[in-house]
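Notes follow once the structure below has been shown.
The structure displayed is predicted, hence computed values, not measured ones.
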Number of protein chains: 2
Amino acid sequence: MSRQRTARKPSISSDKSSKTRRPGGLRKISANGRGTIRESNEVRLLQAAETVFAERGFSGATTAEIAARAKLPKANLHYYFRTKAELYRAVLANVLELWLDELDRFTPEREPAEAIAEYVAAKLKWSRMRPNASKVFANEILHGAPFMKSYLSNDLRRRVEDKAEVIRHWIARGKMRPLDPKHFVFQLWAVTQHYADFDVQVRAVLGRGRLTDRDFAAATENISALILHGCLTPSGSR
Amino acid sequence: MSRQRTARKPSISSDKSSKTRRPGGLRKISANGRGTIRESNEVRLLQAAETVFAERGFSGATTAEIAARAKLPKANLHYYFRTKAELYRAVLANVLELWLDELDRFTPEREPAEAIAEYVAAKLKWSRMRPNASKVFANEILHGAPFMKSYLSNDLRRRVEDKAEVIRHWIARGKMRPLDPKHFVFQLWAVTQHYADFDVQVRAVLGRGRLTDRDFAAATENISALILHGCLTPSGSR
DNA sequence: GTCTATATATGGATAGAC
DNA sequence: GTCTATCCATATATAGAC
């Protein structure tokens with residue numbers, strides 16, 4: 001769960017000065033065989049930060065609140081993450097790992113109906129399980145992606161480019177209607193993330209204190225049906 | 001363009017103490033027949049505020065930046081709007097006026113295909129013309145709707161309830177597939193607002209400096225086609 | 001590696017002259 | 001009704017004792 005740049009992770013570090021790590025070197029190797037204090041503290045800070053950044057945004061979040069939620073003194077937070085921005089970057093990097101891989105179901109050999117239904121279900125599962133991750137991401141984009149712009153224009157853009165090619169293949173094979181592949185991906189993103197990012201509105205309209213399993217099941221079914229009927233050719237849907 | 005509560009506007013004032021207006025009374029009635037100084041200053045502040053709140057969120061926005069963008073000294077802003085929160089509330093109220101009415105196209109007598117296509121086109125037009133309005137709203141919801149929660153649970157909820165009834169009618173008449181009406185509305189909202197709220201991501205993926213008329217035309221067509229094929233019965237789509 | 005105390009900056013809001 | 005100067009609260013970040 002290290003937040004080190006290992007060069008295989010999507011890097012969002014390029015936008016600002018990427019400072020070097022902790023003084024480094026003397027990593028505590030405790031009797032139980034792990035540098036556990038640092039690790040567990042970092043994880044707790046990252047989890048607390050995800051919640052607070054989701055609820056308050058970058059500017060609204062305070063290091064004091066994050067530290068309190070992680071049950072650590074504020075100065076300790078600054079020991080592990082020199083600046084608020086560095087902590088935020090680490091949270092964002094964690095979030096991206098979640099988002100990235102689900103699109104990999106889109107391969108030319110697969111049936112679009114299956115791949116798309118699975119994707120919708122998977123994204124909605126994340127919206128339920130990690131709503132704060134989704135919100136941090138949404139907030140970042142909403143405000144112009146100051147920390148993530150280069151990631152969007154590089155990693156993400158290429159990835160969508162690839163998947164658009166797969167969708168074009170499906171269309172050419174007569175399995176999908178002749179739609180614009182990239183706009184189709186936007187629409188998948190939009191409907192699946194809505195339930196995490198706009199949950200307050202969804203709950204208010206449905207009159208729920210919190211969204212239940214049944215609500216998410218209903219959302220998944222409705223979205224799948226709408227999207228599949230919307231994008232498949234009659235023969236493609238079998 | 002007054003921001004007064006006239007009781008017919010959707011009220012968002014109930015969450016916090018709604019302070020009385022300016023000292024009041026002596027409204028300048030200038031030679032040209034309008035209280036123009038106040039009015040034009042208020043409008044400029046509201047427009048500046050919409051932009052800044054959209055870009056930075058409530059906490060990230062500073063009254064200094066808003067005032068600068070409106071080309072007024074900061075103290076002047078506080079003369080017209082006592083607090084940052086009051087100014088924010090006024091911006092939100094403006095935004096809600098835009099959002100509310102478009103759903104009125106949903107009436108039992110109309111053909112769903114037409115009503116829905118018009119709605120999608122109208123919402124996307126707003127996403128293009130007033131992206132900042134959309135972003136302010138999105139940001140408010142994203143962070144738990146601290147200023148708007150009661151509006152969501154009352155006005156908005158009732159409104160969606162009404163429209164859900166219309167959709168059920170369409171379904172009963174065999175014009176639409178048997179979907180969940182409220183989830184369907186969520187999906188309409190999600191896809192149409194995506195292009196305003198997530199424009200940075202959309203632009204990055206499409207490789208555009210800014211979204212063009214053609215991009216919005218493509219979005220409109222793609223969304224309409226997906227949604228209509230997705231929700232109409234074969235006979236319903238004629 | 002932890003934590004108290006504090007330096008420093010920023011931003012919301014207002015006093016009071018014009 | 002306008003605007004300069006300023007008050008004061010809050011927040012990031014660090015120094016330095018433990």
Under-4.0 Å side-chain N/O to phosphate OP1/OP2 contact, A/R38 with C/dG1: yes

Which heavy atom of A/V205 sits nearest to which heavy atom of B/L156, and what is that distance? CG2-CD2, 4.0 Å

Between P of C/dT2 and CD1 of A/I37, the distance in whole Å: 6 Å

Nearest-Å distance for atom pair CG/P, residues A/L45 and C/dT2: 10 Å

Contact list please: residues 55-68 of chain A against DNA chain C, heavy atoms, distance less than 4.0 Å, in numerical order. none

Rounded to whole Å, CZ of A/F81 lies from P of D/dT14 at a distance of 15 Å

Go along nucleotides 4-9 of chain D 5' to 3' and tag each nucleotide: B for a protein heavy atom under 4.0 Å from its base, S when only backbone or sugar atoms are that close, - otherwise. B-----

Closest to the B/N41 side chain: D/dT14, C/dT14, D/dT2? D/dT2

Which residues share a salt bridge (Lys or Arg N to Asp or Glu O under 4.0 Å) with A/K84, sequence neighbours left out: none

What do you reckon, are the aromatic ring centroids of B/Y195 and A/H183 less than 6.0 Å apart? yes

Separation of C/dT2 atom C1' from A/K71 atom NZ, nearest Å, is 18 Å

Rounded distance (Å) that lies between atom C1' of C/dA13 and atom CD of B/E86: 13 Å

Could you tell me whether the side chain of A/N222 and the main chain of B/D180 form a donor-acceptor pair under 3.5 Å? yes

Please, which pairs that meet side chain to side chain donor-acceptor pair (under 3.5 Å) have at least one residue in residues 60-77 of chain A, sequence neighbours excluded? A/R56-A/E65

Result of checking A/R210, A/K135, A/R208 against A/D199 for salt bridge (charged side-chain N to carboxylate O under 4.0 Å, His left out): A/K135

Does a side-chain N or O from B/Y80 land closer than 4.0 Å to OP1 or OP2 of D/dT2, or not? yes

In this structure, how many angstroms lie between the P atom of D/dA13 and the NE2 atom of A/H78, rounded? 5 Å

Rounded to the nearest angstrom, tell me the gap between atom CZ in A/R44 and atom C1' in C/dT2. 13 Å

For atom OH of B/Y88 and atom C1' of C/dG12, their distance in whole Å: 17 Å

Residues forming a salt bridge (Lys or Arg N to Asp or Glu O under 4.0 Å) with B/K123, sequence neighbours excluded: none

So if I take every side-chain heavy atom of A/R82 and compare against C/dG1, D/dA13, D/dT14, which nucleotide ends up nearest? D/dT14

Does B/Q201 reach the main-chain N or O of A/L152 with its side chain, forming a donor-acceptor pair under 3.5 Å? no

Sorted by chain and residue number, the side chain to side chain donor-acceptor pair (under 3.5 Å) partners of A/R130 (sequence neighbours excluded) come out as A/E50

